[in-house]
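One structure is given here, and the rest of the page talks about it.
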Amino acid sequence: MKIKRIITAALVSGSMLFSALSHAEITDNSINIGIITDATGGWSDSTGQGALIASQMAVNDMGGSINGVPVNLVMVDYTEQIKEYMANNGNSRMSTNDYKKMVEQIVSRLENQYGIDAISELSDSRIAIPAQNYAKDKGIISLVVGAGSTALTNKYCSKTGFHWSWDTYSLSKGLGKVIVENENSDRWYFLALEGAFGEDAIKKSRKVIQTNGGTVVGKQMFPYGYGATNFFPAIEDARNKGANVIAIANAGDEAIAAIRQVRESGIFEKQGTVVSLITLLQDIRKLGLYSSRDLQFVAPFYWNRDEKSRSFAKRFLSRHGAVPSAAQAAMYSATLHYLRGVKESGYDKGETLANKMRALSVDPRDPFLDQQAKFRKDGRVVHEMYLVEVKSPQDTKEAWDYFKLIRTIPGIEAYQPISETQCQYAK
């Protein structure tokens, strides 16, 4: 497969002539990070070019090089790769095996042409799981930011893999318990994404809902990226089954369409609750405050949370024209921590580097991770999560200030306990 739309960010200047012996653990005399992201699809505003910019900011903050070794970023648009793969193979839909083949081709090409030492972003579990599986056999560090399947730190965990941001466990645990404890919020209906994320989200949510006295009365699954835009029959089915909570476990433009249609239907306006398991700031901007008002969800980051996050957002805004999404802030955090690990260990890939990354404390400059964050053996990065609610239009006082914080959820409460992991490396 020919990789198109690759953007190489040359972030440093200076001589490449140095002794290979003095940098024996740095492969190819360079540190190369492959960013596999959605640059043209439904997630592009929340990831895409902004993910590259956030990573570049981290590289710059580390001085542009590590111990005299240049750092390079290479970005691949997996949305375009999906289109190309389907066209070349005569497919109208992508199977799990198709994703596996396509992702292996992408990472193999990045490895052979660019000598990548780490891969990052990976905002779709169908992309992230095969990418991490390929990377672990090569010692490549995987920094999963956007995908949410807990399989990444369970069945498919890696000694060199890190799951940096949210997952379905943290989203359902934080949201389900709070909503179920509210009056008339005990009968749930899901509009969910087909595949690993959607199934995992419903499974994890069901456990929390039932533990707190609620029940799941129904679900409908929808494909991502294939133009699923009519959610009204499912909304009507939710009403007929007596749901008082309709939960959107979808993503990107499909999630935006689902939320808007729930509002337009009016069914859950007075006697129901609308929740979303995965919502990013740019989704709210597309949806509009009127349609998304009072929507509750769990977020791993909000730019206007404190002075550190606001300072980072201001820097990012000057480069990108928008404040950072949670995924983009996590890209800065993951890249910064990876490069600190390289600096401290002298390696740019492999288990020695991964172990050093787990041992490092959080950098004081990091706007995404709280200072108590932990880096576990199963790859899970444990950090605070935030239950937020979208403000009404009249309550919004400045541009991009869309959320109000309801509750801070400590990492130890938000994430799957290490005792429950299926990861063979963490036993």
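Position 1 is the first residue of the sequence; numbering continues from there. Quick caveat: nothing in here was measured; it's all calculated off a predicted structure. No hydrogens, no waters, no symmetry mates; every other heavy atom, side chains included, goes into these values.
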Pairs under 3.5 angstrom only: tabulate donor-acceptor contacts from the side chains of residues 135-143 to other protein residues two or more places apart or in another chain.
| residue | atom | partner | partner atom | Å |
| --- | --- | --- | --- | --- |
| Lys136 | NZ | Cys157 | O | 3.4 |
| Ser142 | OG | Gln132 | OE1 | 3.0 |

Show me the donor-acceptor pairs, under 3.5 Å and distance only, between side chains in residues 405-414 and residues at least two apart or in other chains.
| residue | atom | partner | partner atom | Å |
| --- | --- | --- | --- | --- |
| Arg407 | NH2 | Glu413 | OE1 | 2.9 |

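- Each of Arg380, Arg376, Lys374 was checked for a salt bridge (charged side-chain N to carboxylate O under 4.0 Å, His left out) with Asp378, and the lone residue meeting it is Arg376.
- A salt bridge does not link Asp395 to Lys404: none of the charged nitrogens lies less than 4.0 Å from a carboxylate oxygen.
- Every pair passing side-chain hydrogen bond (donor to acceptor under 3.5 Å, both in side chains) that includes a residue from residues 345-354 is listed here, sequence neighbours excluded: Thr27-Asp348.
- For Val362, the side-chain contact (heavy atoms from CB on, under 4.5 Å) partners at least two apart in sequence or on another chain are Asp366, Leu369, Gln371, Ala373, Phe375.
- With Trp303 as the aromatic partner, Arg310 does not meet the cation-pi criteria of under 6.0 angstrom to the ring centre and within 45 degrees of the ring axis.
- Contacts of Asn89 classified as side chain to side chain donor-acceptor pair (under 3.5 Å), with partners at least two apart in sequence or in another chain: none.
- Below 30°, between 30° and 60°, or above 60°: for Phe312 and Tyr332 the angle between ring planes is between 30° and 60°, a tilted geometry.
- Using a cut-off of 4.0 Å between Lys/Arg side-chain N and Asp/Glu carboxylate O, Asp306 and Lys308 are scored as not salt-bridged.
- Geometrically, Arg293 engages Tyr290 in a cation-pi contact defined by less than 6.0 Å to the ring centre and at most 45° from the axis.
- For Ser44, the side-chain contact (heavy atoms from CB on, under 4.5 Å) criterion is met by Asp38, not counting sequence neighbours.
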Exercise for the section: Decide side chain to side chain contact (heavy atoms under 4.5 Å, CB included) for Tyr78 and Asp124; before the verdict, give the C-alpha distance in whole Å, the side-chain angles of both, and the deciding distance to 0.1 Å. Expected result: CA-CA 10 Å; Tyr78 70 69; Asp124 186 323; 3.6 Å; yes
